[in-house]
> 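I'd like to ask some things about the structure below.
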Amino acid sequence: MLAVHFDQPGGPENLYLKEVAMPEPGPGEVLLKVVATALNRADVLQRQGQYDPPPGASNILGLEASGHVVKVGPGCHGPWKQGHSVMALLAGGGQAEYVTVPEGQLMPVPKGLTLIQAAAIPEAWLTAFQLIHLTGQVKAGETVLIHAGSSGVGTAAVQLARQAGAIPLVTAGSLEKIEAAQKLGAVAGFNYKEEDFSAATLEFTKGAGANVILDCVGGSYWGKNAACLATDGRWVLYGLLGGAEVHGPLLSKLLAKRGSLLTSLLRSRDKKYKAELVAAFTQQILPHFAQDEPGALRPVVDRVYPLKQVAEAYVYMEQNKNLGKIVLEVAPGP
């Protein structure tokens with residue numbers, strides 16, 4: 001089969017398609033013929049040599065995919081049969097023509113969505129679901145400040161926060177991205193390039209601050225996050241795009257507000273946790289994608305590239321131009 005490959009860490013120009021052995025499903029696994037997959041920041045870090053796959057995971061890029069079941073491995077007890085259309089959460093391997101998936105990490109494609117749209121759901125939406133409901137424990141009426149509000153995780157988190165009865169605020173780098181987030185349910189948005197999002201958050205909340213902050217930036221945002229976190233607020237850190245170092249009195253500022261600094265990752269979780277997360281998401285959230293009415297959840301797809309243009313897709317992503325997910329079409333599908 002063909003898979004995205006790079007011989008040495010570096011930029012997107014190092015990516016190319018290489019013929020590799022097709023994986024064989026082991027016990028409890030399903031072989032999926034990939035129709036589409038999507039790009040994630042973790043893929044960029046892995047390609048740069050900064051993020052190794054978890055032990056036992058494929059070293060091929062790709063943390064989510066959609067496609068058709070080709071083969072069911074021994075010991076599978078789930079509902080999946082050959083030919084089923086599914087989407088999958090992966091620890092790696094999605095940017096290839098075939099991938100093996102633990103059966104507990106498969107989900108049905110919501111009614112009315114294409115496989116291209118479905119490829120934009122698993123990693124981003126399960127991450128957002130974990131941040132909003134499990135780690136952040138967001139409650140109705142709370143204010144949630146979502147950094148990178150126009151990203152794949154951000155656009156999902158806005159919709160899930162709104163669904164939970166919370167008040168989503170976003171940061172983004174352009175008016176276009178802020179307006180897009182508002183169409184998804186964000187009540188307000190702040191352009192971090194032009195204004196102090198911390199001061200804007202405090203002004204919006206009449207000085208109370210954000211009850212929950214979803215932060216994929218880290219180091220460079222710590223001061224402003226601490227300033228606009230509400231008393232007893234939860235600051236959920238799930239990325240370090242702005243660096244890992246903090247220079248200043250973070251702990252005293254958190255202590256003064258009785259704030260909680262929580263951290264969350266998904267890729268490194270074990271199969272049992274992922275299966276339980278997928279099951280909860282499938283039961284609680286997935287039905288809301290299929291509703292043909294205002295308020296229905298929807299994945300946001302910015303652009304679709306053929307697999308052979310994978311390098312161009314990553315260049316586009318690393319320019320931070322995308323609004324929502326960037327999808328790679330691996331094989332034509334219905």
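In this chain, numbering begins with 1 at the start of the sequence shown.
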> Residues two or more places apart in sequence or in another chain: which of them pass salt bridge (Lys or Arg N to Asp or Glu O under 4.0 Å) with E318?
R47

> Measuring from atom CG of N225 to atom NZ of K253, what distance do you get when rounded to the nearest 0.5 angstrom?
12.5 Å

> Nearest heavy-atom pair of L297 and R162: which atoms, and what distance?
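Result for this residue pair: CD2-NH2, 3.8 Å.
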
> Please determine whether side-chain contact (heavy atoms from CB on, under 4.5 Å) holds for the pair V330 and V35, giving the CA-CA distance in whole Å, both sets of side-chain angles, and the decisive distance to 0.1 Å.
CA-CA 5 Å; V330 179; V35 169; over 6 Å; no

> Going by atom types only, do N40 and E64 share a side-chain donor-acceptor pair under 3.5 Å?
yes

> Aromatic rings W80 and H84: how do their planes relate, parallel, tilted or perpendicular, breaks at 30° and 60°?
perpendicular

> Is there a ring-ring contact (aromatic ring centres under 6.0 Å, His included) between Y192 and F197 once you walk through the steps?
CA-CA 6 Å; Y192 64 85; F197 69 78; 8.2 Å; no

> Are L63 and D43 close enough, and set up right, to give a side-chain contact (heavy atoms from CB on, under 4.5 Å), and what steps lead you there?
CA-CA 8 Å; L63 304 183; D43 298 315; 3.9 Å; yes

> Is a salt bridge present between K183 and E179, judged by a nitrogen-to-oxygen distance below 4.0 Å?
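So K183 does not pair with E179 through a salt bridge.
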
> Looking only at the aromatic ring of each residue, does the gap between the centers of W125 and F289 stay below 6.0 angstrom?
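Yes, the ring of F289 comes within the 6.0 Å limit of the ring of W125, centre to centre.
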
> Please report the interatomic distance NE2(H147) to SG(C216), rounded to the nearest 0.5 Å.
8.0 Å

> Go through the steps to decide whether L31 and V69 satisfy the test side-chain contact (heavy atoms from CB on, under 4.5 Å), and finish with yes or no.
CA-CA 6 Å; L31 179 65; V69 173; over 6 Å; no

> Taking all non-hydrogen atoms of both residues into account, name the closest pair between F6 and Q46 and its distance.
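Shortest heavy-atom contact: CZ-O, 3.8 Å.
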
> Measuring from atom NZ of K321 to atom OG of S174, what distance do you get when rounded to the nearest 0.5 angstrom?
12.0 Å

> More than 12 heavy atoms of other residues, nucleotides or ligands under 6.0 Å from NZ of K71: yes or no?
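Check fails, neighbour count at 12 or below.
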
> Say whether D7 and N14, considering side chains only, have a donor N or O and an acceptor N or O under 3.5 Å apart.
no

> Go through the side-chain N and O atoms of S264 and Q130 and say whether any donor and acceptor fall under 3.5 Å apart.
yes

> List the atom of L134, the atom of L277, and the distance in Å for their closest heavy-atom pair.
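In terms of heavy atoms, the two residues are closest at CD1-CD1, 3.5 Å.
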
> Of the non-hydrogen atoms in P12 and V315, which two are nearest, and what is the gap between them?
CG-CG2, 3.6 Å

> To the nearest 0.5 Å, what is the distance between NZ on K81 and SG on C76?
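That separation rounds to 9.5 Å.
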
> Can a salt bridge be assigned to the pair E123 and R41 using a cut-off of 4.0 Å between side-chain N and carboxylate O?
no

> Atom CZ in F190, atom CD in E203: separation rounded to 0.5 Å?
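Reported value, rounded in 0.5 Å steps: 8.5 Å.
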
> Would you please test L17 and L307 for side-chain contact (heavy atoms from CB on, under 4.5 Å) and show each step?
CA-CA 8 Å; L17 297 185; L307 187 63; 3.8 Å; yes

> Classify the side-chain pair H247/E245 by whether it contains a donor and acceptor separated by less than 3.5 Å.
yes

> Got a second to check how far L131's CG is from I213's CD1, nearest 0.5 Å?
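Atom-to-atom, L131:CG and I213:CD1 are 13.0 Å apart.
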
> Using a 6.0 Å cut-off, check whether atom CD of E13 has over 12 heavy atoms from anything other than its own residue.
yes

> Taking atom types as modelled and ignoring hydrogens, do the side chains of Y316 and D302 form a donor-acceptor contact shorter than 3.5 angstrom?
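On atom types as modelled, these side chains qualify, holding a pair under 3.5 Å.
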
> Applying side chain to side chain donor-acceptor pair (under 3.5 Å) between D215 and each of Y238, W235, Y221, report the one that passes.
W235

> Does a side-chain heavy-atom distance below 4.5 Å link I285 with F129?
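When only atoms from C-beta onward are counted, F129 and I285 do touch, with a gap below 4.5 Å.
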
> Could you pull out the closest heavy-atom pair between L202 and A227, with the gap in Å?
CD1-O, 3.8 Å

